[in-house]
Amino acid sequence: TWADVPEDLQYQARLRGIDDYNQWSCWSAEMYTTQEIYTERHAHKPVLVRGQWVDKAKIINGNLEGRSRWTPLGFQERNLDQRLLASPTANMMSHRMNEAIGLNRDWLGFCFDVSSAFFQADELTDKHKFIQVPPEMRNADDPLRCWKRLYKDVPGTKGAPKSWFL
């Protein structure tokens with residue numbers, strides 16, 4: 001469990017989770033206060049979404065390690081057209097049929113990691129979505145400055161499955 005992961009590895013896992021957002025340019029470099037978001041500069045009905053850490057303990061090469069992802073609480077997003085968020089999915093039968101066709105036609109098989117696929121999606125068209133930053137990133141001198149603008153639909157937002165599929 002996550003409680004079994006040593007504190008220093010938990011801290012490193014969370015730093016890697018923050019690095020994912022920075023590496024893939026998922027959010028703005030500057031942080032905003034709630035008041036700044038609601039000023040004229042961001043007047044187009046901003047969407048403010050809180051986040052939470054999703055922590056997992058994993059055994060990698062026989063060692064206990066931690067993986068963390070800062071995840072927006074997407075259910076807080078309001079006024080979104082649900083029809084725009086649908087994304088096609090494949091069931092197990094589709095996977096098996098594709099595998100059978102591939103074997104008959106001598107397709108090359110390969111495996112890849114999609115753990116950062118959402119971070120590689122296109123930028124949002126709606127530039128008025130903000131996420132609360134993790135506590136580890138907040139400045140003690142200015143605690144109200146705790147929001148960053150999202151540039152991509154990351155895991156946890158309602159539009160993420162569609163943006164990744166496209």
Side-chain angles (χ1 to χ4, degrees), residues 1-58 60 64-89 112-166:
T1 66
W2 181 252
D4 297 328
V5 178
E7 283 187 31
D8 61 325
L9 293 180
Q10 287 181 6
Y11 181 74
Q12 289 174 6
R14 290 194 170 175
L15 288 180
R16 281 193 309 270
I18 292 169
D19 285 343
D20 282 342
Y21 277 80
N22 294 328
Q23 175 187 356
W24 298 105
S25 303
C26 294
W27 57 19
S28 61
E30 65 179 305
M31 292 202 288
Y32 303 94
T33 64
T34 307
Q35 182 178 1
E36 289 172 336
I37 292 170
Y38 283 104
T39 60
E40 287 299 316
R41 193 171 72 181
H42 306 292
H44 298 287
K45 292 187 181 178
V47 176
L48 277 65
V49 182
R50 299 194 185 285
Q52 71 179 14
W53 282 114
V54 176
D55 302 314
K56 293 188 178 194
K58 294 191 173 197
I60 300 174
L64 182 63
E65 292 187 22
R67 295 282 187 242
S68 291
R69 175 125 16 228
W70 184 248
T71 306
L73 301 175
F75 62 85
Q76 294 176 343
E77 295 179 53
R78 303 282 187 247
N79 302 325
L80 294 176
D81 187 353
Q82 293 299 319
R83 291 172 293 161
L84 299 175
L85 302 177
S87 65
T89 57
F112 59 96
D113 180 19
V114 295
S115 62
S116 64
F118 284 97
F119 293 110
Q120 299 175 44
D122 292 333
E123 286 197 13
L124 286 170
T125 54
D126 173 21
K127 299 288 186 191
H128 306 289
K129 191 179 288 187
F130 294 82
I131 185 171
Q132 188 176 39
V133 298
E136 293 84 353
M137 290 183 65
R138 295 188 190 144
N139 186 346
D141 297 333
D142 194 359
L144 296 178
R145 194 168 296 279
C146 64
W147 298 94
K148 283 193 173 220
R149 175 182 280 140
L150 271 179
Y151 290 139
K152 296 183 180 184
D153 273 322
V154 295
T157 57
K158 289 186 177 181
K162 183 175 181 176
S163 69
W164 177 68
F165 174 75
L166 298 176

Please report the closest heavy-atom contact between Asp20 and Cys26, naming both atoms and the distance.
-> O-SG, 4.5 Å

When rounded to the nearest 0.5 angstrom, what is the spacing between CG in Leu15 and CG in Asn22?
-> 10.5 Å

Ala57 versus Leu64, closest heavy-atom pair with distance | CB-CD1, 4.1 Å

Any side-chain heavy-atom pair from Val5 and Lys58 closer than 4.5 angstrom?
-> no

Intermediate values then yes/no, side chain to side chain contact (heavy atoms under 4.5 Å, CB included), Trp147 and Arg50 | CA-CA 9 Å; Trp147 298 94; Arg50 299 194 185 285; 4.0 Å; yes

Are any of the side-chain heavy atoms of Arg138 and Gln132 separated by less than 4.5 Å?
-> yes

Is it true that a side-chain atom of Gln10 and a backbone atom of Gly66 form a donor plus acceptor pair closer than 3.5 Å?
-> no

Would you call Leu48 and Tyr38 a side-chain contact if the rule is heavy atoms closer than 4.5 Å?
-> yes

In sequence, state the C-alpha distance, the side-chain angles, and the governing distance for Ile18 and Trp70, and then conclude on side chain to side chain contact (heavy atoms under 4.5 Å, CB included).
-> CA-CA 7 Å; Ile18 292 169; Trp70 184 248; 5.7 Å; no

Using a 4.5 Å cut-off on heavy atoms from C-beta on, say whether the side chain of Trp2 contacts that of Val54.
-> no

Are any side-chain N or O atoms of Ser28 and backbone N or O atoms of Arg149, one a donor and one an acceptor, separated by less than 3.5 Å?
-> yes

Gap separating the CG atom of Asn139 from the CZ atom of Arg145, nearest 0.5 angstrom | 9.0 Å

Minimum heavy-atom distance Tyr21-Pro72, with the two atoms named = OH-CD, 3.7 Å

Looking at Glu136 and Trp53, what are the two nearest heavy atoms and their distance?
-> OE1-NE1, 3.1 Å

Apply the test side chain to side chain contact (heavy atoms under 4.5 Å, CB included) to residues Arg16 and Arg67: give CA-CA distance (whole Å), side-chain angles for both, the deciding distance (0.1 Å), then the verdict.
-> CA-CA 8 Å; Arg16 281 193 309 270; Arg67 295 282 187 242; 2.9 Å; yes

Nearest heavy-atom neighbours spanning Pro143 and Ala140 = CD-O, 3.7 Å

Rounded to the nearest 0.5 Å, the OG1 atom of Thr71 sits from the CD1 atom of Ile131 at a distance of 8.0 Å

The reported gap from NZ in Lys148 to CZ in Phe130 (rounded to nearest 0.5 angstrom) is 12.0 Å

